[in-house]
Amino acid sequence: MKIKILAIAAVLTLTACDDDQISTVVRQASDPVYSGSQEGLLSYGEQLWQDPTIGNSGLACGTCHTGGSALNATFKQPYPHYVAMVEDQTGLMSVTAEQMVQFCMLKPMQADMFAWDSKELAALTLYVESVVQPEYIKQHP
């Protein structure tokens, strides 16, 4: 448990994104959108949420967010909304769920972002919006 806490603390103290990284977490009009099958997308998102190998940090999304931990009251608000960690490191005052996934891939997960038209980005975004956020709202009325 102590190692997990230290790992989370180390991830949260990463340096700010540079301007190139900030622009990459914001979808551009020319960025392609996932157009594959929607079948199984939610369950694939759940699988990715628990997978510590999707990034290079050794953490899964669920490592930091199990039971709604490491989420703030702003998570009760529909996307787009304010996220302090994103604002602190990028200057963005509001993010979509998709942008949050991309930011987490860059920073806490210490990896490349997903391709904008990837099944992984579509699945993880859907899982955050459809499962993680509603469960958090139920637990934190």
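On a predicted model such as this, the values are computed, not experimentally measured, just so you know. Sequential numbering from 1 along the given sequence is applied to the chain's residues. The figures here come from the full heavy-atom set of this structure, side chains too, leaving out hydrogens, waters and symmetry mates.
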Residues Ser118 and Ala115: closest non-hydrogen pair is OG-O, 2.8 Å
Would you say Pro80 and Thr96 make side-chain contact, with heavy atoms under 4.5 Å? yes
Non-neighbouring partners of Phe75 that pass ring-ring contact (aromatic ring centres under 6.0 Å, His included), sequence neighbours left out: Tyr136
Considering all heavy atoms, the nearest Ser37-Glu39 contact: OG-N, 3.1 Å
Where Gly55 and Ala111 come nearest, the two heavy atoms and their spacing: CA-CB, 3.7 Å
Can Trp116 and Glu98 be said to form a side chain to side chain contact (heavy atoms under 4.5 Å, CB included), step by step? CA-CA 9 Å; Trp116 287 106; Glu98 182 182 65; 3.3 Å; yes
Does any N or O in the side chain of Thr74 come within less than 3.5 Å of the main-chain N or O of Val83, such that one atom is a donor and the other an acceptor? no
Once rounded to the nearest 0.5 Å, what's the spacing between atom CG of Asp88 and atom NZ of Lys107? 12.0 Å
Rounded distance (nearest 0.5 Å) linking atom CD of Gln133 with atom CD of Gln77: 9.0 Å
Take Asp117 and Ser35 through the side chain to side chain contact (heavy atoms under 4.5 Å, CB included) test and state the conclusion after the steps. CA-CA 7 Å; Asp117 59 348; Ser35 61; over 6 Å; no
If two hydrophobic side chains count as joined below 4.5 Å and joins carry through other members, does Tyr82 share a cluster with Val25? no
Do other residues, nucleotides or ligands put more than 12 heavy atoms under 6.0 Å from the CD atom of Gln139? yes
Start with the C-alpha gap between Tyr127 and Leu48, add the side-chain angles, then the distance that decides, and say whether side chain to side chain contact (heavy atoms under 4.5 Å, CB included) holds. CA-CA 9 Å; Tyr127 185 72; Leu48 291 171; over 6 Å; no
Give a yes or no on whether the backbone of Val26 and the side-chain of Gln28 come within a donor-acceptor separation of less than 3.5 Å. yes
Between CD1 of Ile54 and CE of Met105, what distance do you get to the nearest 0.5 Å? 4.5 Å
Heavy-atom distance under 4.5 Å between the side chains of Leu121 and Tyr34, does that happen here? no
Please list every donor-acceptor pair under 3.5 Å in which a side-chain atom of residues 40-47 meets a protein atom from a residue at least two apart or in another chain.
residue, atom, partner, partner atom, Å
Ser43, OG, Gly40, O, 3.1
Tyr44, OH, Glu120, OE2, 3.0

If you look only at pairs with a residue in residues 53-81, which of them pass as a salt bridge (Lys or Arg N to Asp or Glu O under 4.0 Å), with sequence neighbours excluded? none
Indicate whether the side chain of Asp51 and that of Thr53 have a donor and an acceptor atom separated by less than 3.5 Å. yes
Exam field: side chain Asn56 to backbone Gln110, donor-acceptor pair closer than 3.5 Å: yes
Should Arg27 and Gln99 count as side-chain neighbours, where that means a heavy-atom distance under 4.5 Å? no
Which value, rounded to the nearest 0.5 Å, describes the distance between Met109 atom CE and Ser57 atom OG? 4.5 Å
Are Val95 and Met93 linked, directly or through other ILVMFWY residues, by side chains that come within less than 4.5 angstrom of each other? no
Flag side-chain contact, heavy atom, 4.5 Å: Lys119 against Phe114: no
Pair Trp49, Leu124 - check side chain to side chain contact (heavy atoms under 4.5 Å, CB included), show working. CA-CA 7 Å; Trp49 181 262; Leu124 201 46; 4.1 Å; yes
Under 3.5 Å, is there a donor-acceptor pair between the side chain of Thr125 and the main chain of Ala122? no
Which pair of heavy atoms, one from Cys64 and one from Ala70, lies closest together, and at what distance? O-CB, 3.1 Å
Distance, nearest 0.5 Å, that separates CD of Gln89 from CD of Glu87: 10.5 Å
So does Asp31 have more than 12 non-hydrogen atoms from other groups sitting under 6.0 Å from CG? yes
Answer yes or no: is there a side-chain heavy-atom contact under 4.5 Å between Met100 and Met85? yes
